[in-house]
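Data block below; observations after.
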Amino acid sequence: MAAGTALCKRSRIDICMTRRDLLLLPGASLLPHIRASEPQNLSFPLQSIEGAITPPDMFFVRDHFREPEISLRSWRLSIGGRVDRALELGLADLIEAPLKKVESLLECAGNAAGGSAASNGIWEGVPLAYLLQEAGASRDASAVALEGADSGRLLPDSPDLPYCQVVPMAKCLRPESIVAFKLNDQFLPRKNGFPARALFPGWYAMDSVKWLRRITVLSADDEPSDFRRSGMNKVYNRIVQSASGDRQVTRLQEVLVKSAIAWPADKMNLPAAKLTVRGFAWTGDGVVRSVEVSTDGGRAWVPARLETRPKQFGWVRWSYTWTPTPGDYVLMSRATDDSGRQQPLQRDHARKDGYELNFCPPVTCVVR
Amino acid sequence: MRLPAVILLLAGCLRAADCVPSRLGEQEKLARLKQLDAAAQDAFDHRQFSVAAQRYRDAVCLAPKSARAYYGLGIAEAANNSFPAARRALETAWSLLPENQVPLAMLVRVNVAMKDLEQVKATLRIAAERFPRDGELHSSLARFLAENQLVDLALAEGLRFEQTGAQDTGAAVALAVLENTVGAYDDAIRIASLVEEQPGVADPVKAAAAGVVGLSYENSGRREEAILHMKLAIQLAPAQENSYVALAYVYEKAQRYKDAVDVLRQGRQQIPGSLELLLPLGSNLIWDHQYDAGIEILNELIGKRPQLIEAYVRLAEAYRLTNQPELEARTMQRLAAVKPDYPMVHVLAARAMMNVDPMNTAAVLSELSKAEKIAPGDADVFYLRGKAYETMNRYREAAAAYEHAIELRPLDPSAYYRLGMAYRNLGQIDRSRQIVERMQHLKQPPTVR
């Protein structure tokens, strides 16, 4: 018997892979590999997503800084601040902890109306509430600062600091909030935060800190210094200007109700045949109740069919069967959630920021 | 993390009511225990596990503080497939002897057998907290978990082993394999390279390490380094077939089919009986345009492994590329017999049959009917049916088939073209022109306003 085969038998582990194993290795082995590089800004047309789950290699990416090089050996997640027992956890500790799976959409807060900076995956990780309980987080804690392993200058006048966000304790303790290390049953790809990231379903993606390395429990009096010094407190804010010119600034949190047309693409030539308009719809904490489609620029609306069961935090896939006659058309889609919140037809002119772009954008097409 | 209390709570589980009170003195008890232990061992040797379990049950009644008796009971119950009882006994053994890792290691095995993942993890957490420096424990757990396809937990235990600083090259390579699997390529390269370069390590282990380094380099997009290490793996263990397959795969991805063929032929010389080499060899021969040799290899492979789907697909491709549609169709029909639900198998067979001169239209239509039963929404079925009817000059049926194909795939210009031709042959010139204009509209670039 060959010596190598003997080793396989002795080790009883998949050292000796067959050709099929090579092709079917679980994990990221066949995914495009991205080494440390400039901040990534990737997204893929929603049209290319089949089913309701976005494959990991088609997940949108919005980085602020270079992707960090992380070794599993040296990577640790520290939990400190207002806790009884500071923790230093490795990936082994996360894998062996009680886990939770949650289907959740992530959307970039600056995703354009109808844009593709939104993806839906099945995440697996350790409930943040469990970790905070293990650390003995103070009952008086009001928020948690989350720090990634990536760093840089957020604003031109900022010092070089790690990526940092502050999330209220109430959201951290929700059962859906996890420290995720898997996406769609595979370990996180590097670009999506390997080895672990925060995940706050229902909230915009900037709080789901990638390459997570530090969790600091804060009381109401604690100053999250890096959050302010980096300038993070100046971005991801909703700015509403009143008629008198006063500006009200509030932090972005929950994802707004929204839908996007995945097919047809804007300015497409279409045949006068039976066609299927399709897309996705989502909302923050609730559930999408309905999606409507207009083919005349928003004057008349007809209900679309929800192809997947609407569920909290995930998106729903919808379709509308359309048999147009030759002519020019303006398609729009509009979602409504179970709280009665509906996508607006236009952007609120009082908004002076570039976030929460959930109005219904037109998709024009010519049918012959 | 804090120690889960579950095991402590479950300790001392054997109910006193199960035991008949003993009237033996201490010396007599000891002698009886030895007797029971020997009897249990003997029962084990004769694979009488329920008898062994009964002997140990008697033993724990006599000595309720004996970790050895509970451990023996746990093993016997596990061997007898009485896993809940085994778990209770092992938990008690561990609570009586908490400084010993053996009951915990066995508890992991029993919990895995019970498919109780939460208990597996709880036990692993205890093992990590109590025995953080025990490299042997964590490496053996990693191997056991990997054998049972619990890759995540195997990785966790592999990482725990690595943190102990213990030296075990086999375990190090196993960890590197897992790291490569989960996408931690730099880590995999780092650890496997150390093994590859370490003096005194057996060649097969070095070869495995070199193979992992090669795979990780390939996955990191550093192909030339990957090839160097994979060649080293072959040199170190020339009888290891997977090294040839891996290197050939890398060449194949680089479209260096001739190099892939050379390395696989080299492998065949070393391991003449290997079947694993045949599929990549046949495939790469075809991609290198060595059709006759490729066809011969693939036919040999199908003869030896008739269930290997990919071999039929590749063989059919070879026949198509060598313009042998009859053999191509026959190969697809053989595939359909082996795997009737193979995607598009009847469509592919029908497509090949349509290239046979003269075409057997009845056979083609029969094949397409089979395809329609499996996939009634497949536009290709109706497109090909339209073409078959066209060759029979049955234009009305052809038009109906094309209309249905368009309904299923409205953006495919080719179906519009064929439909237009069918209407022209039916004498419906205006309709034909309308259809062809629609095709031209689809082919135009997007409208810019």
Side-chain angles (χ1 to χ4, degrees), chain A residues 1-8 10-19 22-23 25-33 35 69 71-73 85 87 89-98 134 182 186-190 194-195 265-275 364-366 368, chain B residues 1-2 118 121 124-125 128 143 146-147 151-157 159-160 162-163 170 173-174 177 179-187 190 203-205 207-208 212 219-221 237 239-240 242-243 245-246 249 271 276 279-280 406-407 410-411 416 437-438 441-442 444 446-449:
Chain A
M1 179 61 70
T5 311
L7 172 73
C8 296
R10 200 164 53 245
S11 69
R12 302 294 298 277
I13 197 167
D14 204 6
I15 291 173
C16 309
M17 284 168 284
T18 64
R19 176 189 168 79
L22 286 171
L23 292 166
L25 273 177
S29 57
L30 297 178
L31 299 178
H33 180 80
R35 304 192 65 76
E69 288 273 1
S71 161
L72 281 183
R73 282 166 184 71
R85 298 170 292 278
L87 300 178
L89 306 174
L91 183 62
D93 297 308
L94 297 186
I95 291 171
E96 292 179 353
E134 288 291 308
K182 283 189 142 187
Q186 298 176 351
F187 281 86
L188 287 179
R190 187 189 297 267
F194 176 86
D266 194 25
K267 300 183 176 65
M268 207 168 174
N269 294 322
L270 297 172
K274 190 171 160 190
L275 303 171
T364 58
C365 52
V366 180
R368 292 286 179 268
Chain B
M1 291 199 200
R2 283 180 302 170
E118 288 312 310
K121 290 200 290 186
L124 292 174
R125 288 199 294 273
R143 289 176 192 212
E147 282 167 30
V151 176
D152 300 2
L153 295 177
L155 174 66
E157 286 304 306
L159 289 169
R160 293 204 190 284
E162 202 273 338
Q163 283 163 17
V173 176
V177 169
E179 287 171 330
N180 174 64
T181 303
V182 303
Y185 307 125
D186 292 342
D187 285 324
R190 206 172 299 135
D203 279 352
V205 180
V212 180
N219 288 328
S220 321
Q240 170 55 264
N242 292 294
S243 301
V245 175
Y249 175 67
I271 322 158
E276 295 300 328
L279 181 60
I406 287 169
E407 199 174 304
L411 300 182
Y416 289 92
E437 278 173 6
R438 194 167 290 170
H441 171 66
L442 279 180
Q444 278 173 4
T447 311
V448 179
R449 289 161 190 272

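So that the names make sense, note that chain A is the first sequence line, chain B the second, and so on, each numbered from 1.
Taking 4.5 Å as the limit, some side-chain heavy atom of R160(B) sits within range of a side-chain heavy atom of D93(A). Residues T181(B) and F187(A) have side chains not in contact (no heavy-atom distance under 4.5 Å, counting atoms from C-beta outward).
The heavy-atom pair separating R190(B) from S71(A) by the smallest distance is NH1-OG, 3.3 Å. Across every non-hydrogen atom of A97(A) and R125(B), the tightest pair is CA-NH1, 3.5 Å. Looking at every heavy atom in both residues, P271(A) comes nearest to P410(B) through CG-O, 3.2 Å.
A distance of 10.5 Å separates CD1 of I95(A) from CG of L124(B), quoted to the nearest 0.5 Å. Annotation: the span from D152(B) atom CG to L94(A) atom CG amounts to 11.5 Å, rounded to 0.5 Å. Rounding to the nearest 0.5 Å gives a distance of 10.5 Å between CD of E407(B) and CG of L275(A).
The greatest number of non-hydrogen atom pairs below 4.5 Å with chain A, out of E118(B), E162(B), Q163(B), is found for E162(B). The candidate with the highest count of non-hydrogen atom pairs below 4.5 Å against chain B, out of R368(A), R73(A), K274(A), is R73(A). Considering only heavy-atom pairs separated by less than 4.5 Å from chain A, the leading option among D203(B), L411(B), I271(B) is L411(B).
Contacts of A265(A) with chain B are absent, with no heavy-atom separation under 4.5 Å from either backbone or side chain. Contacts between A207(B) and chain A at a heavy-atom distance below 4.5 Å are absent for every atom of the residue. With a 4.5 Å cut-off on non-hydrogen atoms, E179(B) touches chain A through its side chain but not through its backbone. Of the two parts of L159(B), only the side chain, counted from C-beta on, holds a non-hydrogen atom closer than 4.5 Å to a non-hydrogen atom of chain A.
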